[in-house]
Amino acid sequence: DIKEQMGSRVQMYDPKLSEKLARRLLIHAELAKAVQHWPFTLYYQPIISLKNRQAIGMECLIRWFHPTLGAIPPSEFIPLAEETGLIAPIGMWVLEEACLQNKRWQDAGLSPIVMSVNLSSRQFYDPSFLEALNAILQRTGLAPQWLELEITEGVMMDIRTTLPILRELRARGIQLAIDDFGTGYSSLKYLKELPVDKLKIDRSFIQHIEENVVHAAIVQALLTMSAQLELHVVAEGVERDEELDALMRMGCEYAQGFLFSRPVAAEEASELL
Ligand code: C2E
Ligand code: MG
Ligand code: MG
Ligand code: MG
């Protein structure tokens, strides 16, 4: 609980720390107010096929533009939303908005793409999640194969809880991706058993891959392993031409990053498509 943390930590009188906690408390309070007037919006970032440079998907990323605090990044408020339980309504809104947007693009006659939505563990463990997701697909009319859920390794690997849900989602035709791969504790043994379609290799392994031989070796090994397991691979956070060249030489299939496009608002994303 944030108040307990405040109580135990301010005693240290570390100005940096109390600054951080003050900011956290502020965001916490603003978040509680935010759900009343719903200031959130979705941005979209393309996922590119390196074979033909076409977008095969879009990842939706939540944005919160605050009138006085400016843009509050998801890394700052999603963890708080998880702590307070607000992630449930926020997460459901994200899913519905993302499905609706993808349906709009399809109805406008654009070539169909997969919409990737980030999921928090809390949403995943909610017993009403599957039913709510079904209702969203019904309401929006989006066919399930055009929806992908991104889940981090940590959540995936809690195999006893997750496997039945993952199987259910897969049976429904929804695609599944492991996000930020390489940063958590992945068991390669379980990877074979998980019904997932994609691995998204974390940006930390992609940065300076053309000169960092250790990262290059790791990515090469992940590509080989993924081919064996029939998993698609997305390289996250590609920013430079040199990184792209190295990934193409290694035979990486998909990439995402500022080099291709930053996350953009729906209208701009429509133009990209
Ligand atoms: P993520 O799912 O790994 O998303 C990728 C993050 O990397 C995004 O940050 C994106 O803007 C950023 N990014 C993309 N390409 C590049 C690049 O070339 N260079 C750099 N430096 N960064 C790049 P963002 O939008 O700030 O989101 C951060 C994290 O917040 C996401 O990481 C995801 O875990 C979480 N998140 C975002 N939207 C949602 C949401 O709707 N629901 C949930 N549960 N989590 C979300
Ligand atoms: Mg993601
Ligand atoms: Mg990621
Ligand atoms: Mg990442």
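Only a predicted model underlies this, so the values are computations on that prediction, with no experimental measurement involved.
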For Arg167, is the CZ atom crowded, meaning more than 12 foreign heavy atoms sit under 6.0 Å from it? no

Output all residues satisfying side-chain hydrogen bond (donor to acceptor under 3.5 Å, both in side chains) with Thr84, sequence neighbours left out; order by chain, then residue number. none

Is any side-chain heavy atom of Lys200 closer than 4.5 Å to one of Gln256? yes

May I ask whether Trp93 and Phe65 are part of the same hydrophobic cluster, defined by side-chain heavy atoms of I, L, V, M, F, W, Y residues being less than 4.5 angstrom apart, directly or through others? no

Between Arg240 and Glu210, does the side-chain contact (heavy atoms from CB on, under 4.5 Å) criterion hold? Intermediate values first, please. CA-CA 10 Å; Arg240 296 158 49 251; Glu210 81 284 1; 2.5 Å; yes

Quick check on the hydrophobic clustering: are Val117 and Tyr254 connected, directly or via other members, by side-chain heavy-atom contacts under 4.5 Å? no

Salt bridge (charged side-chain N to carboxylate O under 4.0 Å, His left out) partners for Glu239, two or more places apart: Arg203

Contacts of type salt bridge (charged side-chain N to carboxylate O under 4.0 Å, His left out), residue Lys198, not counting sequence neighbours: Glu148

Of all residues at least two apart in sequence or in a different chain, which pass the side-chain contact (heavy atoms from CB on, under 4.5 Å) check with Ser204? Thr183, Asp202

How would you list, by chain and number, every residue that makes a ring-ring contact (aromatic ring centres under 6.0 Å, His included) with Trp146, sequence neighbours excluded? none

Could you state the interatomic distance from CG (Asn52) to OG (Ser49), rounded to the nearest 0.5 Å? 4.0 Å

Taking Gln45 for its side chain and Ser261 for its backbone only, find out whether a donor-acceptor pair lies under 3.5 Å. yes

Side chains of Leu130 and Glu168: closer than 4.5 Å at any heavy-atom pair? yes

Could you walk me through whether Thr152 and Asn118 satisfy the side-chain contact (heavy atoms from CB on, under 4.5 Å) test, starting with their C-alpha distance in whole Å, then the side-chain angles of each, then the deciding distance to 0.1 Å, before giving a yes or no? CA-CA 9 Å; Thr152 56; Asn118 292 287; over 6 Å; no

What is the minimum heavy-atom distance between Cys252 and Leu223, and which atoms define it? CA-CD2, 4.0 Å

Spatial distance of atom CG (Asp158) from atom CD1 (Ile165) [nearest 0.5 Å]: 9.0 Å

Single-linkage hydrophobic cluster, 4.5 Å side-chain cutoff, Val234 and Leu199 together: no

With hydrophobic residues grouped by side-chain heavy-atom distances under 4.5 Å, do Leu80 and Met92 end up in a single group? yes

Does the side chain of Glu59 come within less than 4.5 Å of Leu61's, by heavy atoms? yes

Main chain of Gln145, side chain of Gln175: is a donor-acceptor contact present, judged purely on distance under 3.5 Å? yes

I'd like to check the side-chain contact (heavy atoms from CB on, under 4.5 Å) partners of Arg172; sequence neighbours left out, ordered by chain and number. Asn134, Leu137, Pro144, Ile174

Stepwise salt bridge (Lys or Arg N to Asp or Glu O under 4.0 Å) test for Arg24 and Glu83: CA-CA 12 Å; Arg24 237 170 92 82; Glu83 268 177 41; 3.3 Å; yes

So, does Gln101 use its side chain to make a donor-acceptor pair with the main chain of Ala98 at under 3.5 Å? no

Set of residues satisfying salt bridge (charged side-chain N to carboxylate O under 4.0 Å, His left out) with respect to Arg170, sequence neighbours excluded: Asp197

Does any part of the side chain of Val238, heavy atoms only, come nearer than 4.5 Å to the side chain of Ile48, both counted from C-beta? no

Regarding Asp245 and Arg249, does a basic nitrogen lie under 4.0 Å from an acidic carboxylate oxygen? no

What is the distance from atom CG of Leu231 to atom CE of Met225, rounded to the nearest 0.5 Å? 7.0 Å

Over all heavy atoms of both residues, which pair between Ile62 and Pro74 is shortest? Give the atoms and the distance, please. O-CG, 3.7 Å

Of all heavy-atom pairs linking Asp180 and Glu236, the shortest is OD1-OE1, 3.2 Å

So CD1 of Ile72 and CD1 of Ile78: to nearest 0.5 Å the spacing works out to 11.5 Å

Give a yes or no answer on whether the side chain of Asn102 reaches the backbone of Ile113 with a donor-acceptor pair at less than 3.5 Å. yes

Return yes when atom CZ of Phe260 has more than 12 non-hydrogen atoms of other residues, nucleotides or ligands closer than 6.0 Å, and no otherwise. yes

With side-chain contact (heavy atoms from CB on, under 4.5 Å) as the criterion, how do His28 and Phe77 come out once you've worked through the C-alpha distance, each side chain's angles and the decisive distance to 0.1 Å? CA-CA 8 Å; His28 187 262; Phe77 72 86; over 6 Å; no

Distance (rounded to the nearest 0.5 Å) between Leu222 CG and Ile201 CD1: 4.5 Å

Could you state the interatomic distance from CD (Glu230) to NE2 (His232), rounded to the nearest 0.5 Å? 9.0 Å

Which residues share a side-chain contact (heavy atoms from CB on, under 4.5 Å) with Ala34, sequence neighbours left out: Pro39, Phe40, Trp64

Atom CZ of Arg23: over 12 foreign heavy atoms under 6.0 Å: yes

Determine, step by step, whether Leu119 and Phe129 satisfy the side-chain contact (heavy atoms from CB on, under 4.5 Å) criterion, reporting the C-alpha distance in whole Å, the side-chain angles of both residues, the deciding distance to 0.1 Å, and the verdict. CA-CA 11 Å; Leu119 225 61; Phe129 174 71; 3.7 Å; yes

Over all heavy atoms of both residues, which pair between Glu76 and Ile27 is shortest? Give the atoms and the distance, please. OE2-CG1, 4.1 Å

By salt bridge (charged side-chain N to carboxylate O under 4.0 Å, His left out), Lys33 pairs with (sequence neighbours left out) Glu30

Closest approach of Ser270 to Trp105 (non-hydrogen atoms, all atoms of both residues): OG-NE1, 2.9 Å

Kindly give the heavy-atom pair with the smallest separation between Val219 and Met250, and that separation in Å. CG1-SD, 3.9 Å

Side-chain heavy atoms nearer than 4.5 Å, only ILVMFWY residues, links allowed to pass through others: does that put Tyr125 and Leu194 together? yes

With a 4.5 Å cut-off on side-chain heavy atoms, are Tyr190 and Thr162 touching? no

Within the structure provided, determine whether Asp179 and Ile151 are in side-chain contact (heavy-atom separation under 4.5 Å). no

I'd like to check the side-chain hydrogen bond (donor to acceptor under 3.5 Å, both in side chains) partners of Ser111; sequence neighbours left out, ordered by chain and number. none

Pairs meeting criterion salt bridge (Lys or Arg N to Asp or Glu O under 4.0 Å) with involvement of residues 114-134, two or more places apart: none

For Thr140, all residues meeting side-chain contact (heavy atoms from CB on, under 4.5 Å), sequence neighbours excluded: Glu96, Cys99, Leu100, Ile136, Leu142

